[in-house]
Amino acid sequence: MCGRIRPRWVLFMWRNLFFALMLVSTLSTEVYAHGVVGDYTFLEPLITQDPAPANELDILAPSWNRSSDANTYSIGSSVEKVLWLDDNHMPRFSIGGGSGWVHQSPFQEPSSQGFEGVTMFAKWAFFYSKEHEFLTSIGMQIQLPTGNTGIQESSHTSLGPTFLWEKGFGDLPNAPVLKYLRPLGIQTDFGYVPALGGPTTHHMFADATIEYSLPYLSNNVHDIGLKWPLRNMFLFNEINYDQLLRGPSGETFPALMATPGLAYISYHFEIAIGTQFALNNAAKPGTHAAVLGLVDIFYDSFFPKWGNWTINKGPAE
């Protein structure tokens with residue numbers, strides 16, 4: 001679940017979508033229980049995979065990236081469905097998938113555009129502790145080469161595991177100064193997805209998101225008088241690692257990037273925006289400028305009965 005100065009039509013689209021969603025959010029300004037472990041509500045990151053199974057629809061994930069040799073625009077979407085709840089009604093297993101449309105404008109060559117391949121996944125949260133606001137999960141990810149051959153990264157199916165975990169810091173002592181660290185949270189992923197055929201290509205990635213929850217600050221630490229919309233905001237920064245391994249002599253250098261941003265979470269949706277900066281020389285050619293965004297809809301808040309349907313519990317009552 002893929003930056004720089006954005007063209008006017010994208011800015012116009014984001015402005016109108018933002019005001020429309022803000023209007024919807026006035027129906028309820030409380031943070032909804034998506035990605036909740038204990039008292040901590042985790043956000044949906046821009047790049048890092050969310051460890052918690054959830055019912056959500058990423059209806060819009062636009063990005064604009066200016067590299068050393070091209071401008072790349074993309075719009076992605078994905079959906080995830082929880083299929084299993086435990087006896088505490090904690091989501092434990094989900095499946096999902098998504099794809100995206102990409103337009104590449106090289107500075108010295110003709111432009112190209114088309115759909116990327118389809119990515120599908122399954123996720124199992126095998127352990128959690130509400131007391132310590134901790135959850136860890138494992139998953140399996142498959143990438144199918146169904147898109148434009150000039151756009152998608154590989155022409156062969158790739159399959160591999162992912163390992164994910166998240167931790168809130170609400171179990172820190174409620175002591176002066178130290179208590180203001182309790183709204184911190186961290187989410188991480190690690191994946192290794194090799195190609196199943198053709199030239200050996202192994203995709204390895206790892207990401208970590210450090211976030212600060214203003215809702216948690218107001219509701220669980222100290223109400224400092226924040227009003228809407230600040231009361232529902234999250235500050236975050238992602239550290240992203242990405243590398244292609246093509247055998248012992250053909251691997252690429254690891255690319256390290258920082259992705260800071262802001263997120264707003266309401267009862268029905270999350271909207272987030274961020275940018276990217278290179279952290280090493282290998283990432284500099286591809287990150288001259290970047291803008292990334294996300295609109296994540298919690299569809300079970302609109303359709304609670306069937307949106308919360310699971311195999312073992314059936315429709316929600």
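Fair warning: this is a prediction, and the values are worked out from it, not measured in the lab.
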Report task. Report the relative orientation of the aromatic rings in F163 and F126; use parallel for angles under 30°, tilted for 30 to 60°, perpendicular for over 60°. Result -> tilted
Query - Interatomic spacing from OG in S77 to CG in L57 - rounded to 0.5 Å - result: 7.5 Å
Query - Ring geometry between H103 and W101 (parallel below 30°, tilted from 30 to 60°, perpendicular above 60°) - result: parallel
Requested in this report: Check the pair Q143, M120 against side-chain contact (heavy atoms from CB on, under 4.5 Å), reporting the backbone distance first and the verdict last.
Outcome: CA-CA 7 Å; Q143 298 171 350; M120 298 186 294; over 6 Å; no
Requested in this report: Please determine which of F302, Y299, F298 meets the ring pair (Phe, Tyr, Trp, His ring centres under 6.0 Å) test together with H268.
Outcome: F302
**Report entry** I210 atom CD1, neighbour heavy-atom count above 12 within 6.0 Å
**Finding:** no
Query raised in the report: Is the shortest heavy-atom distance from the side chain of Y180 to the side chain of H222 under 4.5 Å?
Result: yes
Report task. Would you mind listing every salt bridge (Lys or Arg N to Asp or Glu O under 4.0 Å) that reaches into residues 84-111, with sequence neighbours excluded? Result -> D86-R92, D87-K313
Report task. Return yes if a side-chain donor-acceptor contact under 3.5 Å exists between W165 and T188, otherwise no. Result -> yes
Report task. Using ring pair (Phe, Tyr, Trp, His ring centres under 6.0 Å) as the criterion, point out the one residue from Y128, F134, Y216, Y212 that pairs with Y40. Result -> Y216
Report summary line: In this structure, OG of S266 is separated from CH2 of W228 (nearest 0.5 Å) by 9.5 Å
Query raised in the report: Are K305 and F303 in a cation-pi setup, meaning NZ or CZ lies under 6.0 angstrom from the ring centre and within 45 degrees of the ring axis?
Result: no
Report task. Mind checking the OH-CZ spacing from Y241 to F190? Nearest 0.5 Å is all I need. Result -> 7.0 Å
Query - Distance-only side-chain donor-acceptor flag, N174 / R182, under 3.5 Å - result: yes
Query raised in the report: Taking 4.0 angstrom as the limit, do K123 and E80 come out as a salt bridge?
Result: yes
Requested in this report: Grab the two heavy atoms, one from E44 and one from D58, that are nearest each other, plus how far apart they are.
Outcome: OE2-OD2, 4.1 Å
Requested in this report: Could you go through the side-chain contact (heavy atoms from CB on, under 4.5 Å) check for F205 and T162 one step at a time?
Outcome: CA-CA 9 Å; F205 59 88; T162 56; 4.0 Å; yes
**Report entry** Closest non-hydrogen atom pair, S137 against A125
**Finding:** CB-CA, 3.5 Å
Requested in this report: Give, for atom CE of M140 and atom CD1 of I95, the distance between the pair rounded to the nearest 0.5 Å.
Outcome: 14.5 Å
Query raised in the report: Side chains of T259 and Q276: donor-acceptor distance under 3.5 Å anywhere?
Result: yes
Query raised in the report: Which heavy atom of H132 sits nearest a heavy atom of D171, and at what distance?
Result: ND1-OD2, 3.0 Å
Query raised in the report: Nearest 0.5 Å, what's the CG-OG distance between L294 and S78?
Result: 8.0 Å
**Report entry** Reported CD-to-CE distance for the pair E238 and M257, which is rounded to 0.5 angstrom
**Finding:** 10.0 Å
Query - Minimal non-hydrogen separation, P260 against N237, with atom names - result: N-OD1, 3.1 Å
Query raised in the report: Which heavy atom in G160 sits nearest to a heavy atom in P194, and how many Å separate them?
Result: CA-CD, 4.1 Å
Requested in this report: Tell me yes or no: between the side chains of Q108 and D69, is some donor less than 3.5 Å from an acceptor?
Outcome: no
